[in-house]
Amino acid sequence: MSYQINFLSEALNDMKRLDNSIRPKVAKGIQKVSQNPISIYQGGYGKPLGNKDGTDLTGLFKIKFRGIGIRVVYSIEKRNNVMTIIVVSVRADNQVYQVASQRRTKHDL
């Protein structure tokens with residue numbers, strides 16, 4: 001069952017800032033994961049996040065694009081089959097996770 005993909009406005013801006021050669025790969029990966037975004041431990045594609053260096057991201061998931069060093073952090077709402085993209089960023093230390101935490105708080109996710 002495919003989930004509807006929603007982007008926070010900040011995450012949409014993150015996508016727009018990506019290099020034109022990378023953006024289609026990231027969009028394709030997000031689309032693939034939206035087919036089954038639940039946890040890999042439940043048969044889906046989502047890699048669950050927990051506590052990252054004191055940043056509590058429990059309930060959120062990530063997509064890793066190894067070859068290009070991009071991370072996408074998202075939440076899912078199973079009841080309405082919605083996948084919300086919170087942040088799309090280069091993995092620079094754990095900055096992507098700190099940004100995800102700030103946006104999660106700001107948007108009450």
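Fair warning: this is a prediction, and the values are worked out from it, not measured in the lab.
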*asked:* Filter on ring-ring contact (aromatic ring centres under 6.0 Å, His included), then keep only pairs touching residues 11-37, sequence neighbours left out; what's left?
replied: none
*Apply side-chain hydrogen bond (donor to acceptor under 3.5 Å, both in side chains) to N6 and list each qualifying residue two or more places apart in sequence or on a separate chain.*
Q4
*Provide the closest heavy-atom pair for S2 versus Q35 in the form atom of the first, atom of the second, distance.*
OG-NE2, 3.6 Å
*For K106, check side-chain hydrogen bond (donor to acceptor under 3.5 Å, both in side chains) against everything at least two apart and list the hits.*
E10
*In Å and rounded to the nearest 0.5 Å, what is the CZ to OG1 distance from F7 to T84?*
10.0 Å
_Counterpart residues, salt bridge (Lys or Arg N to Asp or Glu O under 4.0 Å), relative to R103 (two or more places apart)_ = D14
*Taking only residues two or more places apart in sequence or in another chain, which ones pass side-chain hydrogen bond (donor to acceptor under 3.5 Å, both in side chains) with T58?*
D56
*Out of curiosity, does I63 fall in the hydrophobic cluster containing V96 (side-chain heavy atoms, cut-off under 4.5 Å, transitive links)?*
no
*In terms of hydrophobic clustering (I, L, V, M, F, W, Y; side-chain heavy atoms under 4.5 Å; direct or indirect links), are V88 and L12 co-clustered?*
yes
*For I38 and F61, which heavy atoms make the closest approach, and how far apart are they?*
C-CE2, 4.3 Å
*Any chain of hydrophobic side-chain contacts (each under 4.5 Å) joining V99 to L49?*
yes
Return all side-chain donor-acceptor pairs below 3.5 angstrom for residues 67-79, not counting sequence neighbours, or 'none' if the list is empty.
{"unit_1": "Y74", "atom_1": "OH", "unit_2": "P37", "atom_2": "O", "d": "2.8"}
{"unit_1": "E77", "atom_1": "OE2", "unit_2": "N80", "atom_2": "ND2", "d": "2.3"}

Enumerate, atom names and distances included, each donor-acceptor pair closer than 3.5 Å involving a side-chain atom of residues 18-33, sequence neighbours excluded.
{"unit_1": "D19", "atom_1": "OD2", "unit_2": "S21", "atom_2": "N", "d": "2.9"}
{"unit_1": "D19", "atom_1": "OD2", "unit_2": "S21", "atom_2": "OG", "d": "2.4"}
{"unit_1": "N20", "atom_1": "OD1", "unit_2": "R23", "atom_2": "NH1", "d": "3.0"}
{"unit_1": "N20", "atom_1": "OD1", "unit_2": "R23", "atom_2": "NH2", "d": "3.0"}
{"unit_1": "R23", "atom_1": "NE", "unit_2": "M15", "atom_2": "O", "d": "3.0"}
{"unit_1": "R23", "atom_1": "NH2", "unit_2": "K16", "atom_2": "O", "d": "3.0"}
{"unit_1": "R23", "atom_1": "NH2", "unit_2": "L18", "atom_2": "O", "d": "2.9"}

Would you tabulate the side-chain donor-acceptor contacts of residues 40-48 under 3.5 Å, counting partners in other chains and residues two or more places apart, or write 'none'?
none

*Where is the tightest heavy-atom contact between T55 and S101, given as atom of each residue plus distance?*
CG2-CB, 3.1 Å
*Group every Ile, Leu, Val, Met, Phe, Trp and Tyr by side-chain heavy-atom contacts under 4.5 Å, then state whether L109 and L57 land in the same group.*
yes
